[in-house]
2 protein chains.
Amino acid sequence: MNATKFRRPSTAVTTAAAVPADPLQALDRIDRAILRQLQTDASISNVALAAKVKLSAPACLRRVERLKESGLIRGVVALIDPKAAGAGMLVIIGVVLDRSTPESFAEFEKAAQMVAGCMECHVVTGEFDYFMTIRTRDSDSFNRLHAEQLLYLPGVRQIRSFMVLKEILSTTKFPL
Amino acid sequence: MNATKFRRPSTAVTTAAAVPADPLQALDRIDRAILRQLQTDASISNVALAAKVKLSAPACLRRVERLKESGLIRGVVALIDPKAAGAGMLVIIGVVLDRSTPESFAEFEKAAQMVAGCMECHVVTGEFDYFMTIRTRDSDSFNRLHAEQLLYLPGVRQIRSFMVLKEILSTTKFPL
DNA sequence: CTTGAAATACTACTACG
DNA sequence: CGTAGTAGTATTTCAAG
């Protein structure tokens, strides 16, 4: 086995500042205004957006395209109202696995992504290995999902469910 | 005080079916295809969308507008990449309040929405009163937020933090 | 009630200053 | 970055299934 694999990495604190301290610092006031608007409503036309940020339409379009190409804008999507779509129930579940092996984690993650209505799945520190959020129709359908799918996820030792009684805040908007 | 306030509501199981069983049932194959597409990428032009769902442009546009007016499409927004925006860290926190009074809940909820980077906040069943998810720059900035804001949220008895080590899945796409 | 074809108005996009 | 011009799209009208 190669000994370099276990060589302690240099801590290189002095070069840390070379990594962009804050990618947002490269954005001026106008870019931020564009992002704020598009995060709120991206169905606005480019000319209307340009007027809002006090720019000509081509200049505004160039900025938007730059923001997309840079990856800062990951995409433009339609948001569906869960209640209107018949999935008014939201459940947060904490998962503990049997064993903490790479294979066990990988297997669980593969299966977790297939769970219908799974919106989020994260590895976390603390008393759980994973947190997942699942959208479903009602408590009946969740109970079915729980009994038929969640409990059969590979390597699961324990599942604790936190049913959401009231959604105070649920946003995709990022503070700029 | 009005006695009717405490009258037991009729359980009316027989009329439950009168409430739209599944709002999605009213949607045909084409509407679903439109929603699937727009949830993935809403920056597509209407003509391109119309071609995808094999419809004329005007007919397609009418359906999209109908879906918006019905509230099923809650909005069209740009998604920002958290890492690129300098908030690569995600923390899920469970909150327990001191007292379970309406005033206590209301006060907390008002304050919680003001927390910078708070993406979600939900009332839950179980050992916590609330779950919140918070986006922040790094562990330093979260530590600052924790010490300066979270611990001072009104009525908080306990806060337990689950730092997200790996985001397996994070989607806005709803299963249709 | 919904669709599709044609006509118009507006917008995105390009080239250039 | 802005102005002007072109290409393409959104949107309305209307006739037909």
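Numbers restart at 1 for each chain; the letters A, B, ... are given by sequence-line order, proteins then strands.
- At a non-hydrogen distance threshold of 4.0 Å, B:Pro58, B:Leu61 from residues 58-70 of chain B come into contact with DNA chain D.
- The separation between B:Asp31 atom CG and C:dC1 atom C1' is 14 Å, rounded to whole Å.
- For B:Ile44, the side-chain contact (heavy atoms from CB on, under 4.5 Å) partners two or more places apart in sequence, or in a different chain, are B:Gln37, B:Leu38, B:Ala48, B:Leu49, B:Lys52.
- Using the six-membered ring where Trp is involved, A:Phe131 and B:Phe162 have ring planes that are perpendicular, over 60° apart on the 30 and 60° scheme.
- Annotation: side-chain contact (heavy atoms from CB on, under 4.5 Å) contacts of A:Asp81 (sequence neighbours excluded): A:Lys83, A:Ala84, B:Arg74.
- Smallest separation of non-hydrogen atoms from B:Ser170 and A:His122: CB-CE1, 4.3 Å.
- Counting heavy atoms from C-beta on, the side chains of B:Phe108 and A:Ile168 never come closer than 4.5 Å.
- A straight line from NZ of A:Lys54 to P of D:dC1 spans 15 Å, rounded to a whole angstrom.
- Partners of A:Arg29 by side-chain contact (heavy atoms from CB on, under 4.5 Å), not counting sequence neighbours: none found.
- For A:Glu109, the salt bridge (charged side-chain N to carboxylate O under 4.0 Å, His left out) test picks out B:Lys166, with sequence neighbours left out.
- Of the options A:Leu97, A:Val95, A:Asp98, a side chain to side chain contact (heavy atoms under 4.5 Å, CB included) to A:Arg157 is made by A:Asp98 and by none of the others.
- A heavy atom closer than 4.0 Å to some atom of DNA chain C occurs in no member of residues 36-51 of chain B.
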